[in-house]
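Comments concern the structure below.
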Number of protein chains: 2
Amino acid sequence: MENFEENRVAKSRSLAKMQSLERYSLHSYVFNYIRDAILNGRYKPGDALVETRLADELGVSRTPIREAIRQLELEGLVISIPNKGVVVSGVSQQDIDDIYTIRSMLEGLAARWAAQRIDEPNLKELEEIVELMEYYTKKNDFEQLTQLDTRFHGVIYEACASKVLKHLLDNLLRYVERARRGSLKVPMRANQSFNEHKSIFEAIMKRNAAEAERLMAEHIARAILNLHSLMEQSEERD
Amino acid sequence: MENFEENRVAKSRSLAKMQSLERYSLHSYVFNYIRDAILNGRYKPGDALVETRLADELGVSRTPIREAIRQLELEGLVISIPNKGVVVSGVSQQDIDDIYTIRSMLEGLAARWAAQRIDEPNLKELEEIVELMEYYTKKNDFEQLTQLDTRFHGVIYEACASKVLKHLLDNLLRYVERARRGSLKVPMRANQSFNEHKSIFEAIMKRNAAEAERLMAEHIARAILNLHSLMEQSEERD
DNA sequence: GCCTGTATAATTGTATACAATTAATGTGAC
DNA sequence: GTCACATTAATTGTATACAATTATACAGGC
């Protein structure tokens, strides 16, 4: 029938999105696609997700769609009613606030454990990141700073040596990805943010677990405050 | 072919497990089946999960198996290597310890929010649960106490009015389900546990958020200590 | 022996076919 | 008009078929 055409679509899709991944599968592609669409607001809460429609839209069969939906269901991004369908649940502003509160605790815990358990290579990488942060903060390069921020926290997740905690934080971070990217684009905040990162690094280096936890918790708490003032400004825009 | 036989198996399965659920689907059944098998230690870390083998074992096709595996993957219970297969990751003792530490923070947060936000019906239910706990503690009915404990925490998850926090805690609780059930079966602990629950309830009733948080965090922290002493005793048994 | 390449089998990945359930559409009674 | 009920369409649930990939086994060369 139209297998060739569909194959072509699939190929170009994979090239566009999976350039950095050596291995992939359709369900993971679909999962990321739908999740991003929900987190970006393209699929809105209440929207129905029809399998065949998604399959057509993405040029794949229903099987990988269903696998992805099952994962989204577990993440709480959609709600599935058996034999009826799935609707987008989405992430409300209240959810984002809650996530930041939760993160401030869990990132604090991660910093505490990292201070106790971090090894030399990770400590060295953290130092390097902080140096780069200083450089790009002066340059006002927000794109680089956002990436460095992700790396900074990622190294700490790694260094805390807890599969469970890392897993939780990775997920929470994805939920607030969009909010986070905005938050760092404020010049003043970038400067403040650098100082906070530096202090956290120093506390970890000194193996001061309590201090690292406190500083990290405050760091995240401040991020949400900043986010709020940011939203008040651009209230009419969105 | 052997469709009739397979249908029969499926029917009896659904009756056995889904008696409390009005609607179900095979993937959720498979998900629960495999998750329990992993959490109970029947499937051990490193074991390969072969789709066809599971499909035969459960008398269903590969489709619901795959959907369930994708969910287990997201939960971190299995690790999937594309085109190769999935292996059981499992929950180590370290994981359980970490979960209890994380829970002590998050349950504390839930108690704090619950103290601020709980409504009358939930408060009333909490009071009722505490009364029943007193009753069954005197009777040493551990089965009832375990259920009441689940209900107590469940009501607080509900009362904290945070979809995200409730979701996280529900998941964490499932991970330590087995450990938790053992923990309450120690008579002394049951008594202590009752007093802790009562104090937490009173703090929430008095709308004392800080106190509720502190008491709850200590309650969970004590549970892990108790669990450790329990394991030292039965070290040779398992 | 052991390495290497090749054929075969096992397994995963994806698409499609069919069944079951739910939503919608329309028709007749009143 | 509208309510009840039957009929059809749309959608989800499950199983199976086929393709692609990876593991296994085995033969020949060195």
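Note on naming: letters A, B, ... go to the chains in the order of the sequence lines (proteins, then strands), and numbering restarts at 1 for each one. Just so you know, these numbers come straight off a predicted model, no measurement behind them.
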Closest of D/dA15, C/dA15, D/dT14 to the B/S25 side chain is D/dT14
note: B/E67, atom CD; C/dG13, atom P; distance rounded to Å ~ 14 Å
Atom CD of A/E73 and atom C1' of D/dG13 are separated, to the nearest Å, by 13 Å
Residue set satisfying salt bridge (charged side-chain N to carboxylate O under 4.0 Å, His left out) with A/R62, at least two apart, ordered chain then number -> A/E51
To the nearest angstrom, the CG-P distance between B/D56 and D/dT16 comes to 11 Å
In whole angstroms, the gap separating C1' of C/dA15 from NE2 of A/H27 amounts to 16 Å
For nucleotides 7-11 of chain D, print each protein N/O atom paired with a nucleotide N/O atom at under 3.5 Å, atom names and distance only.
none

Check this one for me: any side-chain N or O of B/T63 less than 4.0 Å away from OP1 or OP2 of D/dT14? no
Listing, residues 67-78 of chain A side-chain donor-acceptor contacts under 3.5 Å, not counting sequence neighbours, or none:
unit_1 : atom_1 : unit_2 : atom_2 : d
A/E67  : OE1    : B/R66  : NE     : 3.3
A/E67  : OE1    : B/R66  : NH2    : 3.2
A/E67  : OE1    : B/R70  : NH1    : 3.0
A/R70  : NE     : A/E73  : OE1    : 2.9
A/R70  : NE     : B/H27  : NE2    : 3.2
A/R70  : NH1    : B/E67  : OE1    : 3.0
A/R70  : NH2    : A/E73  : OE1    : 3.4
A/R70  : NH2    : A/S80  : OG     : 3.4
A/Q71  : NE2    : B/R70  : O      : 3.0

With the side chain defined as heavy atoms from C-beta on, A/R66 is closest, among D/dA15, D/dT12, C/dG13, to D/dT12
The side-chain hydrogen bond (donor to acceptor under 3.5 Å, both in side chains) partners of B/R42 (sequence neighbours excluded) come to B/Y33
Below 4.0 Å: OP1/OP2 of C/dT12 and any side-chain N or O of B/R62: no
With sequence neighbours left out, the residues meeting salt bridge (charged side-chain N to carboxylate O under 4.0 Å, His left out) with B/R35 are none
What is the ring orientation for B/H197 with B/H153, classed by angle as parallel under 30°, tilted 30 to 60°, or perpendicular over 60°? perpendicular
Residues passing the salt bridge (charged side-chain N to carboxylate O under 4.0 Å, His left out) test with B/R174, sequence neighbours excluded, are none
